Amino acid sequence: MPAEPTRRWILILGAVVAIGPLSIDMYLPGLPTLQRHFGSDAHAAQMSLALFFAGLALGQLVYGPVSDRYGRRAPLLAGLAIYIAATLGCAFAPSMPALIGLRFLQALGGCAGVVMTRAMVRDRFEPQDMARILSLLLLVIGVAPILAPLLGSVVLQAAGWQAIFVVQAMFGLLCLAAVARFIEETHTPPPGASLSFGSALRGYAHLLRHRRFMGYALAGGTAQGGMFAYISVSAFVFIEVYGLSPNGYAAVFGANAFGLIGAAQLNRWLLKRYPAQNVLRAALAVYFAGGLVLLGAALSGAGGLSGILLPLWLCITSLGFTFPNSVAAAMAPFGDRAGAASGLLGTLQFVIAGGTAAIVGDWYDGSALPMAAVIALCGLGSNLLLHGVVRSR
């Protein structure tokens, strides 16, 4: 087994991946202020968020083949530099259209960390150990969604919306300096390796035809889509429907996040005893069971708020097992093309997440039912994909 990574290596890569959630969640409290500042409507303000997601999805398709050809370190440094420049541009954007465009560039730079981190872990570790390291990374990454909204609110009140982007740029600069100083190259391209648009397309076509990769990637992405459905409407459900205060909602959000982080750490222990695929199957079964109970509670009203909170916590917590194990299982056959596999995996996940968020938003009717229905459907879909696509290959 390869040497255990140092705490510094884990901390730096975790911080680099946390750029994504930090750039999303820290920004949310400032959306109404941005709308007033530029005299735009709510749709334009939301577009700045939607284009960020689009940049995250598309950028990963570029970084994957590039990192297989030129190594992981140089594209990561380049992506972080783009992120810093675009983020500072956001702070001084003269109009909402300019801000929307810069947010897209910000995402194109920031998503380099997502691709490179998964690829670097695959470069150094075999699949079973890769799942353990990804679980450890979740301990660092998972803190960002918990603290980012609070940090954004504090910065917004103290110094205005522009300061949010200045703080993000400073964080990106720290990540750039840490990567440049402490993170070594993990992938040496084979002699004669070339990169062209055609070769990248052929590589992705091969991945799309690979049943194991697609089965694990889609199963994990569909399960994760349920979490994005929860994030999209949970504030409305718990504050408007069940009457929680903003602080009460923050406590619910934090409890679910800590459940996910705790499960990821338990996953590390389980992987010493069981194959990652077995843990994944069990976790997805629990996710589906929790989704069915959640749907039943939403339909019947049984248990009131507790009837929603407990199965929801079970579903979100189970993702601490599904995320690292599905990623490791999907990327297992592609040690020589870990960059492309990581890029396509991330794009598929964001496309599914965007779809589930859009569906639950369209279905929302002032009750918990749409959220519960989408989560239950994601639980069903992830299990069907795992057993149908992967096991029939």
Side-chain angles (χ1 to χ4, degrees), residues 20-21 24-25 27-29 31 42-43 45-54 56-57 145 148-149 218-244 246 248-250 252-257 259-260 284 286-305 307-319 322-323 346-385:
I24 296 167
D25 298 330
Y27 171 73
L28 294 179
L31 279 177
H43 175 72
Q46 289 293 334
M47 278 296 295
S48 65
L49 189 60
L51 263 290
F52 188 88
F53 281 113
L56 286 176
L218 291 175
T222 300
Q224 190 173 324
M227 184 177 71
F228 278 82
Y230 149 73
I231 291 172
S232 298
V233 298
S234 59
F236 299 101
V237 169
F238 291 118
I239 294 175
E240 295 182 358
V241 179
Y242 289 99
L244 291 183
Y249 169 68
V252 168
F253 196 88
N256 288 329
L260 188 151
L284 287 180
V286 170
Y287 180 95
F288 182 38
L292 288 178
V293 175
L294 177 65
L295 180 59
L299 282 168
S300 66
L305 177 60
I308 298 295
L309 288 178
L310 293 177
L312 177 63
W313 182 86
L314 186 65
C315 291
I316 300 302
T317 296
S318 70
L319 293 174
T322 64
F323 170 74
T347 297
L348 290 171
Q349 288 176 340
F350 273 105
V351 168
I352 294 171
T356 57
I359 290 170
V360 77
D362 185 60
W363 287 1
Y364 184 67
D365 60 356
S367 75
L369 183 57
M371 179 183 75
V374 172
I375 290 174
L377 286 172
C378 286
L380 174 62
S382 61
N383 278 274
L384 290 176
L385 286 163

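As the structure is a computational prediction, the values presented were derived from the model and not from experiment.
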Ala219: partners by side chain to side chain contact (heavy atoms under 4.5 Å, CB included), with sequence neighbours left out: Leu284, Leu385, Leu386
Residues forming a side chain to side chain contact (heavy atoms under 4.5 Å, CB included) with Leu305, sequence neighbours excluded: Phe238, Tyr242, Leu244, Leu309
Taking side chain to side chain donor-acceptor pair (under 3.5 Å) as the test, write out the residues that go with Ser234, two or more places apart. Tyr249
If the condition is side chain to side chain donor-acceptor pair (under 3.5 Å), which residues does Asp365 pass it with, not counting sequence neighbours? Ser367
What class does the angle between the rings of Tyr364 and Phe236 fall in, given that below 30° is parallel, 30 to 60° is tilted and above 60° is perpendicular? tilted
Taking all non-hydrogen atoms of both residues into account, name the closest pair between Gly225 and Ile352 and its distance. CA-CG2, 4.4 Å
Which heavy-atom pair separates Ala255 from Trp313 by the least distance, and what is that distance? O-NE1, 3.3 Å
Are the side chains of Met227 and Ile375 in touch, meaning some heavy atoms are under 4.5 Å apart? no
Sequence neighbours left out, what pairs pass side chain to side chain donor-acceptor pair (under 3.5 Å) with at least one residue falling in residues 218-230? Tyr230-Asn256
Could you grab the distance from atom OH of Tyr287 to atom OG of Ser382, nearest 0.5 Å is fine? 6.5 Å
Which value, rounded to the nearest 0.5 Å, describes the distance between Phe288 atom CZ and Leu377 atom CG? 9.0 Å
List the steps, then state whether side chain to side chain contact (heavy atoms under 4.5 Å, CB included) holds for Val360 with Thr356. CA-CA 6 Å; Val360 77; Thr356 57; over 6 Å; no
Sequence neighbours left out, cut at 3.5 Å: what donor-acceptor pairs do the side chains of residues 290-299 make with other protein atoms?
none

